[in-house]
Amino acid sequence: MTSFASAPGNTVRRLRGQCLCGSVHYAVDDAFVYALNCHCSLCRRSTGSAFKPFAGIERDKLDITLGHEHLHRFGDPLANHDVHCARCGSLLFSVVRDGGWAHVTLGTLADAPSIRPSAHIFVGSKAPWFEITDNLPQFDELP
Ligand SMILES: [Zn+2]
Ligand SMILES: [Zn+2]
């Protein structure tokens, strides 16, 4: 199921996402500006995975639609921080770039975004046990 922004004439598709336990739901415009696979140690630890596929969008294009009371913010709430579900721990998105942008963890999306990750970043600190087998560009840090 898809839903549409309410502004007249605005046909930006909205994507739904949620945490593991379902306590927190969010909606985000299908208008991501970039998508990347980050291999840095912070992303690996926060997700428990080899890397974190994420997509960036202006923070005001993402809304928590259920479970505000279950949000847990890790980091500086007034600056950069990660937003988790306090009940199940899922990392839903990170607020970055002076609070103006959200890096949405693609794994928490229920609907498929139009964008696809275009590169691997921070490959210089990737897990030694993980081999990148696709042909996307690789950068030791940020491009
Ligand atoms: Zn949860
Ligand atoms: Zn990272």
Side-chain angles (χ1 to χ4, degrees), residues 1-7 10 12-143:
M1 191 185 80
T2 56
S3 57
F4 295 88
S6 56
N10 185 344
V12 175
R13 194 165 71 104
R14 295 221 98 192
L15 306 168
R16 299 161 309 158
Q18 68 166 81
C19 67
L20 174 62
C21 76
S23 295
V24 180
H25 288 216
Y26 65 87
V28 62
D29 285 1
D30 186 20
F32 291 109
V33 178
Y34 50 87
L36 298 161
N37 294 327
C38 186
H39 294 258
C40 84
S41 62
L42 301 179
C43 287
R44 288 191 281 119
R45 288 184 181 127
S46 64
T47 61
S49 192
F51 60 90
K52 181 181 81 174
F54 72 92
I57 192 165
E58 295 89 340
R59 174 65 187 84
D60 60 5
K61 294 181 177 174
L62 183 152
D63 302 296
I64 301 295
T65 53
L66 181 74
H68 282 273
E69 68 275 25
H70 296 301
L71 294 181
H72 170 70
R73 291 178 175 83
F74 177 75
D76 182 349
L78 300 177
N80 292 353
H81 59 271
D82 290 342
V83 178
H84 297 259
C85 170
R87 294 189 65 202
C88 69
S90 291
L91 171 60
L92 298 163
F93 58 93
S94 302
V95 176
V96 298
R97 299 168 69 182
D98 296 325
W101 287 72
H103 281 175
V104 177
T105 51
L106 292 179
T108 62
L109 282 174
D111 299 316
S114 299
I115 201 168
R116 295 290 183 271
S118 61
H120 296 276
I121 62 171
F122 288 98
V123 173
S125 50
K126 84 171 179 64
W129 46 263
F130 181 76
E131 183 185 356
I132 297 170
T133 57
D134 61 43
N135 294 319
L136 294 177
Q138 299 183 18
F139 299 94
D140 275 353
E141 295 185 344
L142 285 171

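Ligands are counted one by one from 1 in listed order, and the atoms in each one are counted from 1 as well. The analysis underlying the following values was restricted to heavy atoms, covering all of them including side chains, and did not include hydrogens, waters or symmetry mates.
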Student: Tell me whether F139 at atom CZ has more than 12 heavy atoms from other residues, nucleotides or ligands lying less than 6.0 Å away.
Tutor: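 Atom CZ in F139 is packed in, count exceeds 12.
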
Student: Any sub-3.5 Å donor-acceptor pair from T65's side-chain atoms to H25's backbone N or O?
Tutor: yes

Student: When rounded to the nearest 0.5 angstrom, what is the spacing between OG in S125 and CD in E141?
Tutor: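 So the OG of S125 and the CD of E141 are separated by 7.5 Å.
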
Student: At the Zn ion (ligand 1), what's the angle from C21 SG to C88 SG, rounded to 10 degrees?
Tutor: 110°

Student: Under 2.8 Å from the Zn ion (ligand 1) - does any N, O or S atom of H70 fall there?
Tutor: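 Looking at H70, which is the residue asked about, there is no N, O or S atom under 2.8 Å from the Zn ion (ligand 1).
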
Student: Tell me whether E69 at atom CD has more than 12 heavy atoms from other residues, nucleotides or ligands lying less than 6.0 Å away.
Tutor: yes

Student: Would H39 count as a contact for the Zn ion (ligand 2), in the sense that one of its N, O or S atoms lies under 2.8 Å from it?
Tutor: no

